[in-house]
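Index from 1, following the sequence. Only this structure's heavy atoms are used, side chains among them; waters, hydrogens and symmetry mates stay out.
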Amino acid sequence: MPPRPLARHHLPGRAAGLWLALLLAGAAPGQEATFRDQSAAAGLTLDTNAACWADLNNDGRPDLVAGGAVWWNESPTFRRGPAMGAVVAADYDHDGFRDLFCWSQWKLYHNDAGAAFTPVALEGVPQAVSRGACWADFDNDGWLDLYVGGYEDWNAGVTWPTVVLQNLGGSGFKVALTVATYRTRGVTAADFDEDGDDDLYVSNYRLQPNQLWLNDAGRLRDVAAEYGVVATSSGFNGGHSIGAAWGDFDNDGRIDLFAGNFAHVDSRGDQPKSRFLRNLGAAGAWHFEDRGPCGVFYQESYATPAAGDYDNDGDLDLFFTTVYGTASFGRPNHPVLYRNDGAFTFADTTAATGLAGLPPTYQAAWADYDGDGDLDLVGGGRLWQNQSSGRHWLAVRLRGSGRTNHDAIGAQVRLRRGEQTLTRQVEAGTGEGNQNDLTLHFGLGDSAGPVDLQIRWPGRPELQTVAAVAVDQQVAITAP
């Protein structure tokens, strides 16, 4: 069905009645959601490398960049577009269309109104190896900057430089910082201390410490050790970190962190395991409490995580991939879907949801590609369509204006549900080189009544309230 305009504040897309009908056609409330492999039916041919969801032609549907190409979402099928490496997507020049930074090739592509992608010259950028990047407006001037992680050439003993690219008012970029200290895998940003600017978490490999770059008016300072997020074990300076994911995992209104670690079993002792890091908020000076694995059982080769509420119960769940296969080195290794049961307790629902047997992969990204009100997953080289749980939901698409970047990256939305405060943030880069859709998804369980939204826009001290928003629909809100 072609998209058509909805009511006030609504994102162009399918009519709300159709969305609700599709939702109610799913499983009964409370039933475990399951996933169905729709790759072949959707016409997709994917590899197992990183994936990016973003609406690239403004038709209201998230498109996919994966498997070496852009895939145009013509739900229920996809049409193959131009060849493209691994990317993160955002509108860097405020023309209304998401552009692509190809971190696997260090190339920037301008989106020409959804018709083509034109290479943009990046002056002074080194040719290097990267495993991921993210967009964020670090200096809060309304224009999105880029943080590109530099990895390594192990055989040559070379650590490639990490680069910060500052946006020059949409006309191009300049190199603001180049440093070759750590072997970076994943980069992901969030305003965890709620001061109006994006901070950055960097996952570093080879037992090197992870970094938390605290943003103070555009000045970045590494506070990982001070704030308790190095994510290591006693006797180690760091982990074999590949990816991390921000998210409010306990519904207290504050953005927490999950840090993933590849953890060997060898003569070096108990290497750092993956763990959840709880944000203690203003009362705790925005430091973090290390909660440990919280049910994430040991596998040696964990890789990249992605957070999303797949069962619409209001809790952020976690899909976590592995580098090795099921029988590598005689130990089990396989991607796992962890259901969040609250109070930092996570349960393995991989088999129950139909995701058992996935191959090793660096691919993990969430989006509601078919517009039926539940999150779908691309992972392991396949498109997994969520078979709805029948619970209520709300999707929120934010648009910036003035000194807020067009995609509102760095913005946060909160809503109250009983005693809980659910928080979602707009981010363009998660795990190792992946990207979830920019549309924010709230599962609401059995809560059918309207909700009030509180929005924190980047660079703005005041909070915006949007009252009495009906559920089971997608809404669009523009910064005042």
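- Not a single donor-acceptor pair under 3.5 Å links the side chain of T159 to the backbone N or O of Y182.
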Quick one: do F258 and F320 satisfy ring pair (Phe, Tyr, Trp, His ring centres under 6.0 Å)? Show the steps, please. CA-CA 10 Å; F258 176 78; F320 200 9; 5.1 Å; yes
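- A distance of 10.5 Å separates CD of E194 from CG of D199, quoted to the nearest 0.5 Å.
- Under the 30°/60° scheme for interplanar angles, the aromatic rings of F262 and H240 are found to stand perpendicular.
- At least one side-chain heavy atom of V175 sits less than 4.5 Å from a side-chain heavy atom of L165.
- What you find for Q425 and W246 is that their closest heavy atoms are NE2-CB, 3.6 Å.
- Classification of the W393-H441 ring pair by plane angle, with boundaries at 30° and 60°, yields parallel.
- Checking side-chain atoms of S104 against main-chain N and O of A86 turns up a donor-acceptor pair under 3.5 Å.
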Assess whether side-chain hydrogen bond (donor to acceptor under 3.5 Å, both in side chains) is satisfied between Q211 and N204, documenting all intermediate values. CA-CA 8 Å; Q211 297 160 285; N204 295 317; 3.1 Å; yes
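- C52 contributes atom SG, which lies 8.5 Å from atom CG of N434 (distance to the nearest 0.5 angstrom).
- The minimum heavy-atom distance linking W71 with R80 is given by the pair CZ2-NH1, 3.3 Å.
- Between D341 and R339, at least one side-chain N (NZ, or NE/NH1/NH2) sits under 4.0 Å from a carboxylate O, which counts as a salt bridge.
- Residues satisfying the side-chain hydrogen bond (donor to acceptor under 3.5 Å, both in side chains) criterion with D47, sequence neighbours excluded, are N49.
- Judged by distance alone, with hydrogens and angles left aside, the side-chain atoms of D309 form a donor-acceptor pair with the main-chain N or O of G314 at under 3.5 Å.
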Would you check, one step at a time, whether the test salt bridge (Lys or Arg N to Asp or Glu O under 4.0 Å) holds for D252 with R278? CA-CA 10 Å; D252 66 352; R278 179 174 176 260; 3.8 Å; yes
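- Residues Q454 and T421 are not in side-chain contact: their nearest non-hydrogen atoms beyond the backbone lie 4.5 Å or more apart.
- A distance of 7.0 Å separates CG of D313 from CG of N340, quoted to the nearest 0.5 Å.
- Taking the side chain as every heavy atom from C-beta outward, V336 and Y302 approach each other to under 4.5 Å.
- Counting only distance, with no hydrogens or angles, the side chain of R424 and the backbone of L440 share no donor-acceptor pair below 3.5 Å.
- The aromatic rings of W72 and F117 lie parallel to each other, their planes meeting at an angle below 30°, with 60° marking the opposite boundary.
- F249 and F276 have perpendicular rings, their planes meeting at more than 60° on a 0 to 90° scale where under 30° would count as parallel.
- Atoms CG and CG, on D141 and N405 in that order, are 9.5 Å from each other to the nearest 0.5 Å.
- No side-chain heavy atom of P335 sits under 4.5 Å from any side-chain heavy atom of Q363.
- Interatomic distance, R275 CZ to T232 OG1, rounded to the nearest 0.5 Å: 7.0 Å.
- Counting heavy atoms from C-beta outward, W286 and L214 have side chains that stay 4.5 Å or more apart.
- For the pair R131 and Y362, the cation-pi criterion (under 6.0 Å, within 45° of the ring axis) is fulfilled.
- Using a distance-only test at 3.5 Å, with no hydrogens or angles considered, no donor-acceptor pair links the side chain of N261 to the main chain of A263.
- No donor-acceptor pair under 3.5 Å is formed between the side chain of D139 and the backbone N or O of G218.
- Between L220 and L200, the closest side-chain pair of non-hydrogen atoms is not below 4.5 Å.
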Show the numbers, then the answer: is there a side-chain contact (heavy atoms from CB on, under 4.5 Å) between D317 and L375? CA-CA 11 Å; D317 310 297; L375 288 176; over 6 Å; no
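- Environment of CG in D290: crowded, with over 12 heavy atoms of neighbouring residues, nucleotides or ligands closer than 6.0 Å.
- The shortest non-hydrogen separation linking A428 to A89 is CB-O, 3.7 Å.
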Just do the side-chain hydrogen bond (donor to acceptor under 3.5 Å, both in side chains) check on N436 and T430 with the steps written out, would you? CA-CA 7 Å; N436 301 321; T430 192; 4.8 Å; no
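- Checking side-chain atoms of D198 against main-chain N and O of A136 turns up no donor-acceptor pair under 3.5 Å.
- Scanning both residues, P458 and I409, for their nearest heavy atoms gives CG-O, 3.7 Å.
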Derivation of the side-chain contact (heavy atoms from CB on, under 4.5 Å) call for L415 and F442: CA-CA 9 Å; L415 65 83; F442 291 86; 3.5 Å; yes
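- In plain terms, the two heavy atoms of W457 and T404 that are nearest each other are CE3-CG2, 4.0 Å.
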Would you check, one step at a time, whether the test side-chain contact (heavy atoms from CB on, under 4.5 Å) holds for D376 with D368? CA-CA 5 Å; D376 310 295; D368 181 9; 3.6 Å; yes
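- Here the side chain of Q412 pairs a donor or acceptor atom with the backbone of D191 at under 3.5 angstrom.
- At distances below 3.5 Å, at least one donor-acceptor pair connects side-chain atoms of N215 with backbone N or O atoms of F138.
- Note that R185 lies in the cation-pi zone of Y151, set by a 6.0 Å cut-off to the ring centre and a 45° limit from the axis.
- The two residues A408 and L398 come nearest to each other via the heavy atoms CB-CB, 3.7 Å.
- Partner of R98 under the salt bridge (Lys or Arg N to Asp or Glu O under 4.0 Å) criterion, chosen from D91, D407, D437: D407.
- Side-chain contact check for S203 versus I242: every heavy-atom pair is 4.5 Å or farther apart.
- Residue R417 places its CZ atom among more than 12 non-hydrogen atoms of other residues, nucleotides or ligands, all under 6.0 Å distant.
- The main-chain N or O of L422 is never found under 3.5 Å from a side-chain atom of N251 such that the two would form a donor-acceptor pair.
- Within the 4.5 Å cutoff, side-chain heavy atoms of D63 are placed close to those of N57.
- Annotation: F101 is not in aromatic contact with Y92 [ring centroid separation under 6.0 Å not met].
- Expressed to the nearest 0.5 Å, how far OG of S75 lies from OH of Y369 amounts to 6.0 Å.
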Worked verdict on D256 versus L316 for side-chain contact (heavy atoms from CB on, under 4.5 Å): CA-CA 11 Å; D256 312 301; L316 278 177; over 6 Å; no
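- Ring pair W366/Y310 is parallel by interplanar angle, where below 30° counts as parallel and above 60° as perpendicular.
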